[in-house]
Amino acid sequence: MLQEALREIQRGTAEIIDNERIEKLLKAYFDEGKTYTVKAGFDPTAPDLHLGHTVLLQKLALFQKYGAKVQFLIGDFTAQIGDPSGKSATRKTLSAIEIEENARSYKEQIFKILDPLKTEVVFNSEWINLLGASGMLSLTTTFNVARMLERDDFDKRYKSGVSISISEFIYPLLQGYDSVHLKSDIEIGGTDQKFNLLMGRHLQRAYEIGKEQSVLMMPILEGLDGVQKMSKSLNNYIGVVDEPNDMFAKLLSISDELMWRYYELLSTKTLDEIAVLKNGVADGSMHPKSVKEDLALEITARFHSKESARAAKDEFDKIHSNNQLPSEIDEYSCDGKIWIAKALVDCKLAPSTSQARRDIKQGAVKINQEKVNDEQLQLESGEYVLQVGKRKFAKLKVI
RNA sequence: GGUGAGAUAGUCAAGUGGCCAACGACGGUGGACUGUAAAUCCGCUCCCUAUGGGUUCAGAGGUUCGACUCCUCUUCUCACCA
(Lines give C-alpha, C1' and ligand atoms only; values in the text may rest on other atoms or scores of the structure.)
Protein backbone atom coordinates (compact mmCIF):
# COMPACT_ATOMS: atom_id res chain seq x y z
CA MET A 1 0.00 0.00 0.00
CA LEU A 2 2.70 2.47 1.00
CA GLN A 3 4.94 1.33 -1.81
CA GLU A 4 2.15 1.71 -4.31
CA ALA A 5 1.38 5.22 -3.09
CA LEU A 6 5.01 6.18 -3.42
CA ARG A 7 5.19 4.86 -6.93
CA GLU A 8 2.16 6.88 -7.93
CA ILE A 9 3.65 9.98 -6.41
CA GLN A 10 6.88 9.50 -8.28
CA ARG A 11 5.18 8.98 -11.59
CA GLY A 12 6.11 11.55 -14.19
CA THR A 13 8.19 13.64 -11.79
CA ALA A 14 11.30 15.32 -13.11
CA GLU A 15 13.12 15.37 -9.80
CA ILE A 16 12.45 14.84 -6.13
CA ILE A 17 14.63 16.35 -3.46
CA ASP A 18 14.59 14.64 -0.08
CA ASN A 19 12.43 11.72 -1.10
CA GLU A 20 13.04 10.01 2.25
CA ARG A 21 11.12 12.70 4.02
CA ILE A 22 8.13 12.14 1.73
CA GLU A 23 8.30 8.46 2.55
CA LYS A 24 8.31 9.25 6.27
CA LEU A 25 5.33 11.58 5.94
CA LEU A 26 3.35 8.97 4.04
CA LYS A 27 4.30 6.27 6.50
CA ALA A 28 3.12 8.44 9.37
CA TYR A 29 -0.16 8.92 7.55
CA PHE A 30 -0.68 5.23 6.90
CA ASP A 31 0.36 4.21 10.42
CA GLU A 32 -1.05 6.98 12.56
CA GLY A 33 -3.29 9.02 10.27
CA LYS A 34 -1.07 12.07 10.59
CA THR A 35 -1.57 14.72 7.94
CA TYR A 36 1.02 17.03 6.40
CA THR A 37 1.04 20.06 4.14
CA VAL A 38 1.84 20.37 0.46
CA LYS A 39 2.33 23.83 -0.95
CA ALA A 40 2.02 25.00 -4.53
CA GLY A 41 2.15 28.58 -5.67
CA PHE A 42 0.17 30.15 -8.48
CA ASP A 43 0.23 33.49 -10.18
CA PRO A 44 -2.91 35.60 -9.69
CA THR A 45 -2.57 37.28 -13.05
CA ALA A 46 -3.57 34.29 -15.13
CA PRO A 47 -6.74 32.73 -13.82
CA ASP A 48 -7.25 30.74 -17.01
CA LEU A 49 -5.84 27.39 -16.09
CA HIS A 50 -4.65 25.09 -18.82
CA LEU A 51 -3.56 21.50 -18.93
CA GLY A 52 -0.01 22.48 -18.01
CA HIS A 53 -1.31 23.61 -14.64
CA THR A 54 -3.33 20.47 -14.19
CA VAL A 55 -0.18 18.37 -14.23
CA LEU A 56 0.57 19.98 -10.87
CA LEU A 57 -3.02 19.92 -9.72
CA GLN A 58 -3.34 16.23 -10.41
CA LYS A 59 -0.25 15.60 -8.36
CA LEU A 60 -1.69 17.70 -5.55
CA ALA A 61 -4.92 15.74 -5.75
CA LEU A 62 -2.92 12.56 -5.43
CA PHE A 63 -1.25 13.85 -2.29
CA GLN A 64 -4.68 14.69 -0.92
CA LYS A 65 -5.65 11.09 -1.43
CA TYR A 66 -2.76 10.18 0.84
CA GLY A 67 -3.38 12.51 3.70
CA ALA A 68 -2.08 15.87 2.52
CA LYS A 69 -3.54 19.27 3.24
CA VAL A 70 -2.91 21.37 0.18
CA GLN A 71 -1.78 24.97 0.61
CA PHE A 72 -2.93 26.56 -2.60
CA LEU A 73 -0.97 29.76 -2.58
CA ILE A 74 -1.94 32.68 -4.73
CA GLY A 75 1.09 34.91 -5.11
CA ASP A 76 -0.69 38.21 -5.10
CA PHE A 77 2.26 40.04 -3.57
CA THR A 78 4.98 38.38 -5.61
CA ALA A 79 2.99 39.02 -8.77
CA GLN A 80 3.89 42.65 -8.40
CA ILE A 81 7.47 41.71 -9.13
CA GLY A 82 6.95 39.10 -11.76
CA ASP A 83 8.82 35.86 -11.72
CA PRO A 84 12.21 36.37 -13.37
CA SER A 85 11.72 33.18 -15.35
CA GLY A 86 8.93 34.95 -17.17
CA LYS A 87 9.71 37.40 -19.91
CA SER A 88 8.59 40.76 -18.63
CA ALA A 89 10.28 41.99 -15.50
CA THR A 90 7.77 44.63 -14.67
CA ARG A 91 4.12 43.84 -14.49
CA LYS A 92 1.15 45.95 -13.79
CA THR A 93 -0.02 45.67 -10.26
CA LEU A 94 -3.46 44.23 -9.80
CA SER A 95 -6.10 45.87 -7.74
CA ALA A 96 -7.54 44.08 -4.75
CA ILE A 97 -10.77 43.60 -6.63
CA GLU A 98 -9.06 42.04 -9.62
CA ILE A 99 -7.16 39.68 -7.38
CA GLU A 100 -10.31 38.65 -5.60
CA GLU A 101 -12.02 37.99 -8.90
CA ASN A 102 -9.10 35.98 -10.18
CA ALA A 103 -9.04 33.99 -6.96
CA ARG A 104 -12.69 33.16 -7.34
CA SER A 105 -12.11 32.06 -10.88
CA TYR A 106 -9.22 29.89 -9.66
CA LYS A 107 -11.43 28.20 -7.15
CA GLU A 108 -14.04 27.40 -9.75
CA GLN A 109 -11.42 25.76 -11.89
CA ILE A 110 -9.18 23.95 -9.42
CA PHE A 111 -11.95 22.13 -7.61
CA LYS A 112 -12.62 20.14 -10.73
CA ILE A 113 -9.50 18.32 -9.66
CA LEU A 114 -8.75 19.14 -6.02
CA ASP A 115 -10.77 18.20 -2.97
CA PRO A 116 -12.07 21.46 -1.49
CA LEU A 117 -12.19 20.03 2.02
CA LYS A 118 -8.47 19.37 1.97
CA THR A 119 -7.47 22.60 0.29
CA GLU A 120 -6.63 25.90 1.88
CA VAL A 121 -6.40 28.88 -0.43
CA VAL A 122 -3.96 31.48 0.88
CA PHE A 123 -2.57 34.80 -0.33
CA ASN A 124 1.03 35.70 0.34
CA SER A 125 0.40 39.43 0.64
CA GLU A 126 -1.19 38.55 3.95
CA TRP A 127 2.11 37.86 5.68
CA ILE A 128 4.54 39.61 3.36
CA ASN A 129 2.88 42.96 3.97
CA LEU A 130 3.51 42.43 7.67
CA LEU A 131 7.23 41.89 7.14
CA GLY A 132 8.03 45.59 6.99
CA ALA A 133 11.32 47.08 5.93
CA SER A 134 13.32 45.46 8.71
CA GLY A 135 11.76 42.08 8.04
CA MET A 136 12.57 42.45 4.38
CA LEU A 137 16.10 43.47 5.19
CA SER A 138 16.74 40.50 7.41
CA LEU A 139 15.33 38.30 4.69
CA THR A 140 17.91 39.64 2.25
CA THR A 141 20.78 38.93 4.67
CA THR A 142 20.11 35.20 4.37
CA PHE A 143 21.44 35.06 0.85
CA ASN A 144 24.12 36.62 -1.29
CA VAL A 145 24.43 37.90 -4.82
CA ALA A 146 26.93 35.36 -6.02
CA ARG A 147 24.59 32.54 -5.12
CA MET A 148 21.64 34.37 -6.57
CA LEU A 149 23.53 34.60 -9.83
CA GLU A 150 23.85 30.84 -9.85
CA ARG A 151 20.28 30.76 -10.91
CA ASP A 152 20.32 29.78 -14.53
CA ASP A 153 18.33 32.59 -16.07
CA PHE A 154 20.07 35.23 -13.98
CA ASP A 155 23.38 33.77 -15.00
CA LYS A 156 22.51 33.87 -18.68
CA ARG A 157 21.13 37.35 -18.51
CA TYR A 158 24.06 38.63 -16.52
CA LYS A 159 26.58 37.14 -18.93
CA SER A 160 24.78 38.32 -22.02
CA GLY A 161 24.21 41.74 -20.56
CA VAL A 162 20.44 41.75 -20.29
CA SER A 163 19.19 43.85 -17.44
CA ILE A 164 18.30 42.29 -14.10
CA SER A 165 16.27 44.34 -11.71
CA ILE A 166 17.09 44.21 -8.00
CA SER A 167 13.45 43.45 -7.34
CA GLU A 168 13.88 40.23 -9.26
CA PHE A 169 16.37 39.07 -6.67
CA ILE A 170 13.69 39.56 -4.08
CA TYR A 171 11.26 37.26 -5.83
CA PRO A 172 12.85 33.92 -4.96
CA LEU A 173 13.41 35.11 -1.40
CA LEU A 174 9.78 35.93 -0.94
CA GLN A 175 8.63 32.70 -2.47
CA GLY A 176 10.93 30.87 -0.10
CA TYR A 177 9.65 32.90 2.79
CA ASP A 178 6.14 31.70 1.99
CA SER A 179 7.33 28.22 2.86
CA VAL A 180 8.70 29.51 6.16
CA HIS A 181 5.42 31.15 7.07
CA LEU A 182 3.31 28.19 5.98
CA LYS A 183 5.70 25.64 7.47
CA SER A 184 5.21 23.52 4.39
CA ASP A 185 6.29 19.89 4.44
CA ILE A 186 6.44 19.51 0.70
CA GLU A 187 6.36 22.01 -2.13
CA ILE A 188 5.67 21.08 -5.68
CA GLY A 189 6.26 23.06 -8.83
CA GLY A 190 7.61 22.92 -12.35
CA THR A 191 11.26 22.25 -13.09
CA ASP A 192 11.61 25.91 -14.03
CA GLN A 193 10.92 26.67 -10.38
CA LYS A 194 13.80 24.62 -9.02
CA PHE A 195 15.78 27.56 -7.74
CA ASN A 196 12.78 29.10 -6.00
CA LEU A 197 11.72 25.78 -4.55
CA LEU A 198 15.14 25.17 -3.10
CA MET A 199 15.06 28.65 -1.64
CA GLY A 200 12.19 27.44 0.50
CA ARG A 201 14.46 24.79 2.00
CA HIS A 202 17.24 27.27 2.49
CA LEU A 203 15.04 29.79 4.28
CA GLN A 204 13.29 27.22 6.41
CA ARG A 205 16.73 26.27 7.66
CA ALA A 206 17.79 29.89 8.10
CA TYR A 207 14.67 30.72 10.08
CA GLU A 208 15.03 27.55 12.12
CA ILE A 209 11.46 26.37 11.89
CA GLY A 210 12.50 22.82 12.55
CA LYS A 211 11.94 21.28 9.13
CA GLU A 212 13.01 21.53 5.56
CA GLN A 213 10.44 20.98 2.91
CA SER A 214 10.82 18.24 0.36
CA VAL A 215 10.64 19.42 -3.19
CA LEU A 216 8.88 17.63 -5.98
CA MET A 217 9.30 18.95 -9.48
CA MET A 218 7.09 18.16 -12.42
CA PRO A 219 8.27 18.53 -15.99
CA ILE A 220 6.87 21.38 -17.99
CA LEU A 221 4.12 20.23 -20.29
CA GLU A 222 4.75 21.12 -23.91
CA GLY A 223 2.04 23.02 -25.70
CA LEU A 224 0.22 22.00 -28.86
CA ASP A 225 3.30 22.79 -30.93
CA GLY A 226 5.20 20.13 -29.00
CA VAL A 227 8.21 22.35 -28.46
CA GLN A 228 7.50 25.31 -26.27
CA LYS A 229 5.89 25.09 -22.90
CA MET A 230 2.16 25.33 -22.79
CA SER A 231 1.18 28.88 -22.09
CA LYS A 232 -1.57 31.27 -22.85
CA SER A 233 0.71 33.89 -24.33
CA LEU A 234 2.07 31.44 -26.87
CA ASN A 235 -1.45 30.42 -27.72
CA ASN A 236 -0.58 26.75 -27.69
CA TYR A 237 -2.68 25.80 -24.72
CA ILE A 238 -5.75 23.80 -23.86
CA GLY A 239 -7.72 25.62 -21.22
CA VAL A 240 -9.62 23.68 -18.58
CA VAL A 241 -12.67 25.80 -19.38
CA ASP A 242 -12.39 25.21 -23.13
CA GLU A 243 -15.59 23.96 -24.71
CA PRO A 244 -15.69 20.18 -25.13
CA ASN A 245 -15.50 20.48 -28.91
CA ASP A 246 -12.44 22.71 -28.79
CA MET A 247 -10.75 20.62 -26.18
CA PHE A 248 -11.27 17.43 -28.12
CA ALA A 249 -10.11 18.97 -31.37
CA LYS A 250 -7.02 20.52 -29.83
CA LEU A 251 -6.03 17.23 -28.23
CA LEU A 252 -6.38 15.40 -31.51
CA SER A 253 -4.18 17.93 -33.23
CA ILE A 254 -1.09 17.11 -31.19
CA SER A 255 1.62 15.07 -32.83
CA ASP A 256 1.90 11.34 -32.26
CA GLU A 257 5.11 11.80 -30.36
CA LEU A 258 3.66 14.42 -28.06
CA MET A 259 0.71 12.19 -27.38
CA TRP A 260 2.85 9.90 -25.20
CA ARG A 261 4.00 12.81 -23.16
CA TYR A 262 0.40 13.81 -22.55
CA TYR A 263 -0.47 10.24 -21.67
CA GLU A 264 2.23 10.12 -19.07
CA LEU A 265 1.50 13.46 -17.49
CA LEU A 266 -2.24 13.81 -17.88
CA SER A 267 -3.88 10.43 -18.20
CA THR A 268 -4.98 8.42 -15.20
CA LYS A 269 -4.09 5.23 -17.01
CA THR A 270 -1.37 3.25 -15.29
CA LEU A 271 2.10 3.19 -16.76
CA ASP A 272 1.61 -0.48 -17.66
CA GLU A 273 -1.54 0.30 -19.60
CA ILE A 274 0.23 3.05 -21.46
CA ALA A 275 3.09 0.70 -22.30
CA VAL A 276 0.59 -1.67 -23.89
CA LEU A 277 -0.76 1.12 -26.09
CA LYS A 278 2.73 2.17 -27.05
CA ASN A 279 3.68 -1.34 -28.11
CA GLY A 280 0.43 -1.67 -29.99
CA VAL A 281 1.14 1.40 -32.04
CA ALA A 282 4.75 0.40 -32.57
CA ASP A 283 3.89 -3.02 -34.02
CA GLY A 284 1.02 -1.66 -36.06
CA SER A 285 -1.79 -3.48 -34.28
CA MET A 286 -3.26 -0.20 -33.09
CA HIS A 287 -3.86 2.96 -35.06
CA PRO A 288 -2.25 6.01 -33.48
CA LYS A 289 -5.31 8.06 -34.27
CA SER A 290 -7.61 5.86 -32.23
CA VAL A 291 -5.17 5.85 -29.33
CA LYS A 292 -5.15 9.60 -29.50
CA GLU A 293 -8.91 9.70 -29.59
CA ASP A 294 -9.02 7.73 -26.36
CA LEU A 295 -6.77 10.27 -24.72
CA ALA A 296 -8.85 13.15 -26.01
CA LEU A 297 -12.00 11.48 -24.74
CA GLU A 298 -10.52 10.85 -21.31
CA ILE A 299 -9.33 14.40 -20.82
CA THR A 300 -12.41 16.04 -22.25
CA ALA A 301 -14.59 13.91 -20.00
CA ARG A 302 -12.57 14.94 -16.96
CA PHE A 303 -13.43 18.61 -17.35
CA HIS A 304 -16.89 18.17 -18.76
CA SER A 305 -18.67 14.85 -18.84
CA LYS A 306 -18.53 11.52 -20.61
CA GLU A 307 -21.54 12.46 -22.66
CA SER A 308 -20.21 15.78 -23.86
CA ALA A 309 -16.87 14.18 -24.69
CA ARG A 310 -18.71 11.62 -26.84
CA ALA A 311 -20.69 14.39 -28.46
CA ALA A 312 -17.49 16.28 -29.17
CA LYS A 313 -16.04 13.26 -30.92
CA ASP A 314 -19.16 12.81 -33.04
CA GLU A 315 -19.12 16.46 -33.93
CA PHE A 316 -15.49 16.21 -34.88
CA ASP A 317 -16.04 13.20 -37.11
CA LYS A 318 -18.95 14.95 -38.70
CA ILE A 319 -17.00 18.02 -39.69
CA HIS A 320 -13.69 16.54 -40.61
CA SER A 321 -14.04 12.93 -41.52
CA ASN A 322 -17.33 13.42 -43.35
CA ASN A 323 -16.77 16.98 -44.43
CA GLN A 324 -20.06 18.24 -43.09
CA LEU A 325 -20.83 21.46 -41.36
CA PRO A 326 -20.53 21.76 -37.61
CA SER A 327 -23.85 21.84 -35.84
CA GLU A 328 -23.27 25.14 -34.14
CA ILE A 329 -22.10 28.08 -36.17
CA ASP A 330 -21.94 31.71 -35.16
CA GLU A 331 -24.65 33.71 -36.86
CA TYR A 332 -24.46 37.21 -38.18
CA SER A 333 -26.77 39.40 -40.17
CA CYS A 334 -26.54 42.55 -42.19
CA ASP A 335 -28.75 44.91 -44.10
CA GLY A 336 -28.82 44.94 -47.85
CA LYS A 337 -26.30 43.76 -50.36
CA ILE A 338 -22.83 43.15 -49.03
CA TRP A 339 -19.44 42.69 -50.61
CA ILE A 340 -17.98 39.27 -49.90
CA ALA A 341 -14.71 40.55 -48.46
CA LYS A 342 -16.55 42.89 -46.14
CA ALA A 343 -18.85 40.06 -45.11
CA LEU A 344 -15.89 37.89 -44.11
CA VAL A 345 -14.54 40.67 -41.93
CA ASP A 346 -17.92 41.30 -40.34
CA CYS A 347 -18.29 37.62 -39.55
CA LYS A 348 -14.82 37.66 -37.96
CA LEU A 349 -13.48 35.16 -40.45
CA ALA A 350 -10.78 37.56 -41.59
CA PRO A 351 -8.96 40.37 -39.77
CA SER A 352 -9.05 42.83 -42.69
CA THR A 353 -10.53 43.07 -46.14
CA SER A 354 -7.02 42.76 -47.51
CA GLN A 355 -6.65 39.41 -45.83
CA ALA A 356 -10.13 38.41 -47.00
CA ARG A 357 -9.22 39.18 -50.58
CA ARG A 358 -6.06 37.15 -50.28
CA ASP A 359 -8.01 34.25 -48.88
CA ILE A 360 -10.43 34.40 -51.78
CA LYS A 361 -7.61 34.51 -54.31
CA GLN A 362 -6.17 31.39 -52.77
CA GLY A 363 -9.40 29.49 -52.92
CA ALA A 364 -9.77 29.31 -49.17
CA VAL A 365 -13.25 30.78 -49.11
CA LYS A 366 -16.41 28.78 -49.61
CA ILE A 367 -20.05 29.77 -49.59
CA ASN A 368 -22.46 26.92 -48.98
CA GLN A 369 -19.57 24.50 -49.66
CA GLU A 370 -18.89 26.07 -53.06
CA LYS A 371 -15.54 27.68 -53.69
CA VAL A 372 -15.63 31.42 -54.34
CA ASN A 373 -13.54 32.68 -57.26
CA ASP A 374 -14.84 36.18 -57.71
CA GLU A 375 -13.50 38.57 -55.13
CA GLN A 376 -15.91 41.24 -56.27
CA LEU A 377 -18.89 39.04 -55.47
CA GLN A 378 -21.85 40.82 -53.89
CA LEU A 379 -24.12 38.83 -51.64
CA GLU A 380 -27.79 39.41 -52.34
CA SER A 381 -30.35 38.86 -49.63
CA GLY A 382 -30.60 35.33 -48.36
CA GLU A 383 -28.81 33.01 -45.94
CA TYR A 384 -25.29 31.84 -46.49
CA VAL A 385 -22.80 29.60 -44.79
CA LEU A 386 -19.38 31.18 -45.13
CA GLN A 387 -16.19 29.22 -44.63
CA VAL A 388 -12.53 30.14 -44.63
CA GLY A 389 -10.06 27.33 -44.66
CA LYS A 390 -11.07 24.12 -43.02
CA ARG A 391 -12.21 25.23 -39.66
CA LYS A 392 -13.62 28.71 -39.70
CA PHE A 393 -17.34 28.93 -40.26
CA ALA A 394 -20.06 31.55 -39.96
CA LYS A 395 -23.66 31.91 -40.97
CA LEU A 396 -24.69 35.17 -42.54
CA LYS A 397 -28.20 36.41 -43.11
CA VAL A 398 -28.46 39.23 -45.62
CA ILE A 399 -31.71 41.10 -45.31
C1' G B 1 28.50 61.04 -13.18
C1' G B 2 31.61 60.13 -17.96
C1' U B 3 32.37 57.60 -22.76
C1' G B 4 30.68 54.50 -26.55
C1' A B 5 27.02 51.36 -29.08
C1' G B 6 22.02 50.63 -30.18
C1' A B 7 16.17 51.12 -30.86
C1' U B 8 13.35 48.50 -38.13
C1' A B 9 6.69 44.84 -39.06
C1' G B 10 4.18 39.20 -34.09
C1' U B 11 9.72 37.74 -32.91
C1' C B 12 14.88 37.68 -34.62
C1' A B 13 17.28 40.45 -38.26
C1' A B 14 19.17 43.01 -43.28
C1' G B 15 18.98 47.73 -45.14
C1' U B 16 23.77 53.83 -44.42
C1' G B 17 20.04 59.58 -49.24
C1' G B 18 15.93 57.86 -54.36
C1' C B 19 15.58 50.94 -57.24
C1' C B 20 11.78 50.51 -49.82
C1' A B 21 5.82 48.66 -47.62
C1' A B 22 11.43 47.54 -46.62
C1' C B 23 16.12 41.04 -48.07
C1' G B 24 16.10 36.79 -45.02
C1' A B 25 14.71 33.49 -40.88
C1' C B 26 11.03 32.00 -37.38
C1' G B 27 6.05 32.22 -36.29
C1' G B 28 1.07 32.57 -38.25
C1' U B 29 -2.16 31.44 -42.13
C1' G B 30 -4.21 29.21 -47.02
C1' G B 31 -3.48 25.14 -50.53
C1' A B 32 -1.54 20.03 -51.93
C1' C B 33 -0.70 15.39 -49.39
C1' U B 34 -2.92 13.03 -44.91
C1' G B 35 -5.35 10.50 -39.81
C1' U B 36 -7.71 18.34 -39.43
C1' A B 37 -1.13 14.60 -36.85
C1' A B 38 4.02 14.88 -38.08
C1' A B 39 7.24 15.51 -42.26
C1' U B 40 7.43 17.69 -47.15
C1' C B 41 6.22 21.12 -51.19
C1' C B 42 3.84 25.76 -52.89
C1' G B 43 1.35 30.61 -51.92
C1' C B 44 0.17 34.74 -48.57
C1' U B 45 1.66 37.57 -44.29
C1' C B 46 0.68 46.94 -42.59
C1' C B 47 -4.27 49.11 -44.13
C1' C B 48 -7.75 50.51 -48.06
C1' U B 49 -13.25 47.67 -53.44
C1' A B 50 -6.69 48.23 -55.15
C1' U B 51 -2.30 47.42 -62.27
C1' G B 52 -3.95 52.63 -57.76
C1' G B 53 -4.12 55.19 -52.78
C1' G B 54 -2.82 55.72 -47.51
C1' U B 55 0.16 55.14 -43.01
C1' U B 56 5.05 53.02 -41.29
C1' C B 57 11.44 51.86 -39.55
C1' A B 58 11.57 54.50 -30.70
C1' G B 59 9.40 60.02 -30.16
C1' A B 60 9.66 65.33 -31.56
C1' G B 61 11.85 68.82 -34.64
C1' G B 62 15.39 70.07 -38.77
C1' U B 63 18.47 69.65 -43.56
C1' U B 64 16.91 68.00 -48.66
C1' C B 65 13.34 68.07 -54.77
C1' G B 66 13.48 63.38 -51.85
C1' A B 67 15.17 60.42 -45.33
C1' C B 68 14.78 53.91 -42.32
C1' U B 69 19.38 56.19 -43.94
C1' C B 70 22.25 62.99 -42.45
C1' C B 71 21.72 66.80 -38.04
C1' U B 72 19.52 68.35 -33.05
C1' C B 73 16.86 67.25 -28.75
C1' U B 74 13.96 63.55 -25.83
C1' U B 75 12.85 58.58 -24.07
C1' C B 76 14.52 53.66 -23.39
C1' U B 77 18.37 49.54 -23.61
C1' C B 78 23.30 47.67 -23.33
C1' A B 79 28.76 47.93 -22.67
C1' C B 80 33.10 50.07 -20.57
C1' C B 81 35.00 53.60 -16.95
C1' A B 82 33.97 56.09 -12.11
Side-chain angles (χ1 to χ4, degrees), chain A residues 86-90 154 156-165 168 222-238 245-263 277-278 280-282 284-297 299-300 312-326 334 336-346 348-367 369-379 386-393:
Chain A
K87 289 177 216 160
S88 56
T90 46
F154 283 149
K156 275 191 202 131
R157 280 160 67 187
Y158 188 67
K159 279 183 182 148
S160 63
V162 179
S163 87
I164 302 170
S165 161
E168 293 180 79
E222 291 85 352
L224 299 175
D225 52 39
V227 179
Q228 289 184 280
K229 71 172 187 175
M230 184 177 283
S231 87
K232 204 182 172 192
S233 51
L234 293 172
N235 197 27
N236 62 356
Y237 71 106
I238 301 176
N245 288 349
D246 278 351
M247 196 178 270
F248 187 87
K250 281 183 185 173
L251 281 163
L252 261 204
S253 79
I254 63 175
S255 71
D256 290 354
E257 207 183 325
L258 186 60
M259 158 170 87
W260 300 117
R261 185 91 171 133
Y262 278 33
Y263 255 114
L277 295 177
K278 222 170 182 169
V281 170
S285 63
M286 277 184 221
H287 197 291
K289 194 192 175 199
S290 70
V291 177
K292 205 184 289 175
E293 274 174 350
D294 286 346
L295 175 72
L297 279 173
I299 308 242
T300 308
K313 179 180 166 359
D314 292 343
E315 178 78 5
F316 186 88
D317 290 343
K318 188 172 148 194
I319 302 170
H320 300 292
S321 307
N322 307 327
N323 247 332
Q324 293 174 357
L325 295 173
C334 70
K337 219 156 102 160
I338 185 164
W339 175 41
I340 176 69
K342 188 91 180 60
L344 292 173
V345 174
D346 286 352
K348 302 202 166 79
L349 296 179
S352 68
T353 56
S354 297
Q355 183 62 47
R357 290 163 63 112
R358 277 179 221 121
D359 287 340
I360 294 167
K361 251 181 237 164
Q362 293 176 144
V365 176
K366 287 180 191 162
I367 294 180
Q369 317 266 43
E370 301 259 340
K371 196 177 275 184
V372 176
N373 298 312
D374 176 14
E375 62 175 63
Q376 294 301 332
L377 184 68
Q378 300 285 332
L379 296 178
L386 307 178
Q387 182 181 356
V388 176
K390 284 171 188 161
R391 34 185 132 174
K392 283 181 278 187
F393 297 90

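Below, chain A is the first sequence line, B the second, and so on; all start at residue 1. These numbers were taken from a predicted model, which means no experiment stands behind them.
- Enclosure of atom CD in A/E370 is not indicated, since only 12 or fewer non-hydrogen atoms of other residues, nucleotides or ligands lie within 6.0 angstrom.
- In this structure, A/L344 atom CG and B/rU29 atom C1' are separated by 15 Å, rounded to whole Å.
- Dashed line: the shortest gap from a side-chain N or O of A/S352 to OP1 or OP2 of B/rC48 is under 4.0 Å.
- In this structure, the side chain of A/K292 engages the main chain of A/I254 through a donor-acceptor pair within 3.5 Å.
- Nucleic acid contact class of A/S354 (heavy atoms, under 4.0 Å, all strands): base.
- Nucleotides B/rA50 and B/rA5, compared at atom P, are 47 Å apart to the nearest Å.
- Contact between A/Y262 and A/M230 at its shortest, heavy atoms only, is OH-CE, 3.3 Å.
- Atom P of nucleotide B/rG35 and atom CZ of A/F248 are separated by 16 Å, given to the nearest angstrom.
- On the P atoms, B/rU16 is 12 Å away from B/rU69, given to the nearest whole Å.
- For the pair A/K366 and A/F393, the NZ or CZ position fails the cation-pi test of under 6.0 Å to the six-membered ring centre and within 45 degrees of the ring normal.
- Across all strands shown, nothing is found opposite B/rU64 as a Watson-Crick or G-U wobble partner with both distances under 3.5 Å.
- Nucleic acid contact class of A/I254 (heavy atoms, under 4.0 Å, all strands): sugar-phosphate only.
- Not one N or O on the side chain of A/K313 forms a donor-acceptor pair closer than 3.5 Å with the backbone of A/F248.
- Residue contacts for A/K250: at a heavy-atom cut-off of 4.0 Å it reaches no nucleic acid atom on any strand shown.
- A distance of about 11 Å separates the P atoms of B/rA37 and B/rA32, rounded to the whole Å.
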**Request:** Check step by step if side chain to side chain contact (heavy atoms under 4.5 Å, CB included) holds for A/I367 and A/I340.
**Result:** CA-CA 10 Å; A/I367 294 180; A/I340 176 69; 3.7 Å; yes

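- Across all strands shown, A/Q376 has heavy atoms under 4.0 Å from base atoms, whether or not it also approaches the sugar-phosphate.
- Comparing A/T353 and A/K371 by the nucleotide of RNA chain B whose heavy atom lies nearest to each, the residue mapping closer to the 5' end is A/K371.
- Distance alone, capped at 3.5 Å, is enough to place a donor-acceptor pair between the A/N236 side chain and the A/K229 backbone.
- Taking atom C1' on both B/rC73 and B/rG66, the two are 24 Å apart, rounded to the nearest angstrom.
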**Message:** Determine whether A/V291 and A/W260 satisfy the following criterion, side chain to side chain contact (heavy atoms under 4.5 Å, CB included), listing intermediate values before the conclusion.
**Reply:** CA-CA 10 Å; A/V291 177; A/W260 300 117; 4.0 Å; yes

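- When Watson-Crick and G-U wobble pairs are counted only if both distances are under 3.5 Å, B/rU34 pairs with no nucleotide at all.
- Base pairing analysis places B/rA39 opposite nothing; no Watson-Crick or G-U wobble pair with both distances below 3.5 Å involves it.
- Taking a pair to require two hydrogen-bonding distances under 3.5 Å in either a Watson-Crick or a G-U wobble arrangement, B/rC76 pairs with B/rG6.
- Scanning atom types as modelled, one donor and one acceptor separated by under 3.5 angstrom connect the side chain of A/Q362 and the base of B/rG43.
- You'll find a donor-acceptor pair under 3.5 Å spanning the side chain of A/K390 and the base of B/rU34, going by distance alone.
- Using a 4.0 Å heavy-atom cutoff across all strands shown, A/A341 reaches no nucleic acid atom at all.
- The phosphate of B/rC47 has OP1 or OP2 within less than 4.0 Å of a side-chain N or O from A/R358.
- On a pure distance criterion of 3.5 Å, a polar donor-acceptor pair joins the side chain of A/D256 and the base of B/rG35.
- Note on A/D359: nothing from the nucleic acid sits closer than 4.0 angstrom, heavy atoms only.
- Taking atom P in both B/rU51 and B/rC42, the straight-line distance is 29 Å, to the nearest Å.
- Pairing for B/rC20 is absent, with no Watson-Crick or G-U wobble pair whose two atom distances lie under 3.5 Å.
- Atom CZ in A/R391 sits roughly 7 Å away from atom P in B/rU29 (whole-Å rounding).
- Under the Watson-Crick or G-U wobble criterion, with both distances below 3.5 Å, B/rA25 is paired with B/rU11.
- Enclosure of atom CD in A/Q378 by more than 12 non-hydrogen atoms of other residues, nucleotides or ligands within 6.0 angstrom is indicated.
- At least one donor-acceptor pair under 3.5 Å links the side chain of A/Q387 to the backbone N or O of A/G389.
- Protein atom NZ of A/K366 is 12 Å distant from nucleotide atom C1' of B/rG30, rounded to whole Å.
- Atom name C1', nucleotides B/rG17 and B/rC65: the rounded distance is 12 Å, in whole Å.
- As a whole-Å value, the separation of A/E257 CD from B/rA39 C1' is 12 Å.
- Looking at residues 287-294 of chain A, you'll see A/H287, A/P288, A/K289, A/K292 sit with a heavy atom under 4.0 Å from some atom of RNA chain B.
- For the C1' atoms, the distance linking B/rG15 with B/rG6 amounts to 16 Å, nearest Å.
- Here the C1' atom of nucleotide B/rA37 and the CG atom of A/D225 are 14 Å apart, to the nearest Å.
- As judged by a 4.0 angstrom heavy-atom cut-off over every strand, A/Q378 is placed among the base-contacting residues.
- If you take atom C1' in B/rG4 and the same atom in B/rC68, they sit 22 Å apart, rounded to whole Å.
- Following rounding to the nearest Å, A/K392 (NZ) and B/rG28 (P) show an atom-to-atom distance of 13 Å.
- Residues A/V345 and A/V388 each lie close to RNA chain B; by heavy-atom proximity, the contact nearer the 5' end of the strand is made by A/V388.
- Following rounding to the nearest Å, A/L252 (CG) and B/rU34 (P) show an atom-to-atom distance of 19 Å.
- A donor-acceptor pair under 3.5 Å is formed between the side chain of A/S285 and the backbone N or O of A/G280.
- The base-pairing partner of B/rU49, taking Watson-Crick or G-U wobble contacts with both distances under 3.5 Å, does not exist among the strands shown.
- In this entry B/rG1 has B/rC81 as its Watson-Crick or G-U wobble partner, both defining distances falling under 3.5 Å.
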